[in-house]
Amino acid sequence: MAVGNLEFIKSVNVQTASATVQITDCFTDTYDVYKIVLTDFSTDVSNDFSQIRFINSGGSTISSSNYDYAYQQLIANASFVEVRATSQSYIRGIGGQDVRSVAANANAVFYVFNPTDTSSYTFMLGQSAFWNSGNSMQGYKQISVLKTTDDVTGIEFFLNTNNIDELRASVYGVK
């Protein structure tokens, strides 16, 4: 099914607590750029940041310390915050939230560049929005890179120490 310049590839719908959510076999040589749309992301805990890792063509999660990321945290009732980290074993994803307690779930859009190109690093940029446990609207704008030339065919979402309670995710190829 094609929609404009996007072609739907795969989706997942998690409605019970899960330590990780994996979307496997969603990146191929067909596209250089992929769009991932997350909706209804929720957890019952506060201050537990979501994390992202890529999955290689062998089905293994890439957990080596080869991820770099930077983000700007846009807080409605406070100063903005910039964070940078290098040589990490994950990418910081949506941020720390307790979205279920204020009856609003987090949403995000990520773009993944060159995931299956074994002569290039895999880059990702994204943005997200949610209400935090202090009842304040927050947004994140981030950029990240996996500094290896793995053949990346999937993506994994997880929290630092707790479970994801709900998540809907769709992956699209960008024409």
Side-chain angles (χ1 to χ4, degrees), residues 1 6-43 45 48-71 83-97 105-128 130 140-175:
M1 172 176 89
L6 300 177
E7 184 172 339
F8 174 76
I9 296 177
K10 196 172 206 179
S11 66
V12 297
N13 184 4
V14 175
Q15 295 186 331
T16 58
S18 179
T20 62
V21 175
Q22 292 187 338
I23 308 173
T24 58
D25 302 320
C26 60
F27 306 138
T28 67
D29 293 336
T30 305
Y31 302 101
D32 294 329
V33 180
Y34 291 84
K35 180 178 183 176
I36 303 171
V37 178
L38 303 181
T39 58
D40 296 332
F41 179 92
S42 69
T43 176
V45 298
D48 193 357
F49 288 85
S50 67
Q51 317 292 347
I52 298 170
R53 288 186 179 132
F54 290 114
I55 301 169
N56 66 24
S57 59
S60 298
T61 300
I62 303 168
S63 58
S64 59
S65 296
N66 289 305
Y67 294 97
D68 292 354
Y69 63 82
Y71 64 84
V83 175
R84 297 176 196 90
T86 59
S87 303
Q88 301 296 301
S89 61
Y90 59 85
I91 297 166
R92 178 68 47 90
I94 297 174
Q97 67 271 350
N105 292 342
N107 298 288
V109 174
F110 295 103
Y111 289 90
V112 178
F113 300 88
N114 303 316
T116 61
D117 184 348
T118 57
S119 64
S120 175
Y121 291 165
T122 299
F123 287 85
M124 185 171 74
L125 62 86
Q127 55 189 12
S128 61
F130 61 92
Y140 276 64
K141 293 186 73 71
Q142 65 98 264
I143 187 166
S144 53
V145 61
L146 170 61
K147 297 181 302 182
T148 67
T149 55
D150 286 276
D151 181 4
V152 173
T153 58
I155 192 165
E156 175 182 82
F157 300 93
F158 62 102
L159 291 175
N160 192 35
T161 57
N162 294 285
N163 288 329
I164 295 170
D165 289 333
E166 186 176 359
L167 174 65
R168 296 170 202 255
S170 296
V171 179
Y172 301 87
V174 179
K175 293 183 179 181

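- For the atom pair CG (Asp25) and OG (Ser57), the distance works out to 9.5 Å, reported to the nearest 0.5 Å.
- Residues Ser50 and Phe157 have side chains not in contact (no heavy-atom distance under 4.5 Å, counting atoms from C-beta outward).
- The structure places CZ of Arg84 at 12.0 Å from CG of Asp68, a figure rounded to the nearest 0.5 Å.
- When the shell of 6.0 Å around CZ of Phe113 is examined, it contains more than 12 heavy atoms from other residues, nucleotides or ligands.
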Intermediate values then yes/no, side chain to side chain contact (heavy atoms under 4.5 Å, CB included), Thr116 and Val152: CA-CA 5 Å; Thr116 61; Val152 173; 5.8 Å; no

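- Minimum interatomic distance between Val171 and Cys26 (heavy atoms only, all atoms of both residues): CG1-CB, 4.1 Å.
- Partners of Ser60 under the side chain to side chain contact (heavy atoms under 4.5 Å, CB included) rule, at least two apart in sequence or in another chain, are Asn56.
- Tyr69 approaches Ser144 most closely through the heavy-atom pair CB-CB, 3.7 Å.
- Not a single donor-acceptor pair under 3.5 Å links the side chain of Tyr172 to the backbone N or O of Val37.
- Side chains of Thr122 and Phe27 form no contact here, defined as non-hydrogen atoms less than 4.5 Å apart.
- The line from OG of Ser65 to OH of Tyr90 is 10.0 Å long, rounded to the nearest 0.5 Å.
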Chi angles and distances behind the side chain to side chain contact (heavy atoms under 4.5 Å, CB included) call for Met124, Ile155: CA-CA 11 Å; Met124 185 171 74; Ile155 192 165; 4.3 Å; yes

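- Under the side chain to side chain contact (heavy atoms under 4.5 Å, CB included) criterion, Thr118 pairs with Asp151, not counting sequence neighbours.
- Residues passing the side chain to side chain donor-acceptor pair (under 3.5 Å) test with Asn107: none are found, sequence neighbours excluded.
- A distance of 3.5 Å separates CZ in Arg53 from CZ in Phe158, rounded to the nearest 0.5 Å.
- Using a 4.5 Å heavy-atom threshold, the side chains of Ile9 and Tyr34 count as touching.
- At least one donor-acceptor pair under 3.5 Å links the side chain of Lys10 to the backbone N or O of Thr24.
- Looking at heavy atoms from C-beta onward, Gln142 lies out of side-chain contact with Arg92 at the 4.5 angstrom threshold.
- Annotation: side chain to side chain contact (heavy atoms under 4.5 Å, CB included) contacts of Thr148 (sequence neighbours excluded): Asn66, Leu146, Asp150.
- No side-chain donor-acceptor contact under 3.5 Å links Gln22 to the backbone of Gly154.
- Listed by chain and number, the residues in a side chain to side chain donor-acceptor pair (under 3.5 Å) with Ser119 are Asp117 (sequence neighbours excluded).
- Under the rule for a side chain to side chain donor-acceptor pair (under 3.5 Å), the partners of Thr30 that lie at least two apart in sequence or sit in another chain are Thr28.
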Derivation of the side chain to side chain contact (heavy atoms under 4.5 Å, CB included) call for Tyr121 and Thr149: CA-CA 5 Å; Tyr121 291 165; Thr149 55; 4.2 Å; yes

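- Taken to the nearest 0.5 Å, the CD1 atom of Ile62 stands 12.5 Å off from the OG atom of Ser89.
- Using bins of under 30°, 30° to 60° and over 60° for the plane-to-plane angle, the ring pair Tyr140/Tyr71 lands in the tilted bin.
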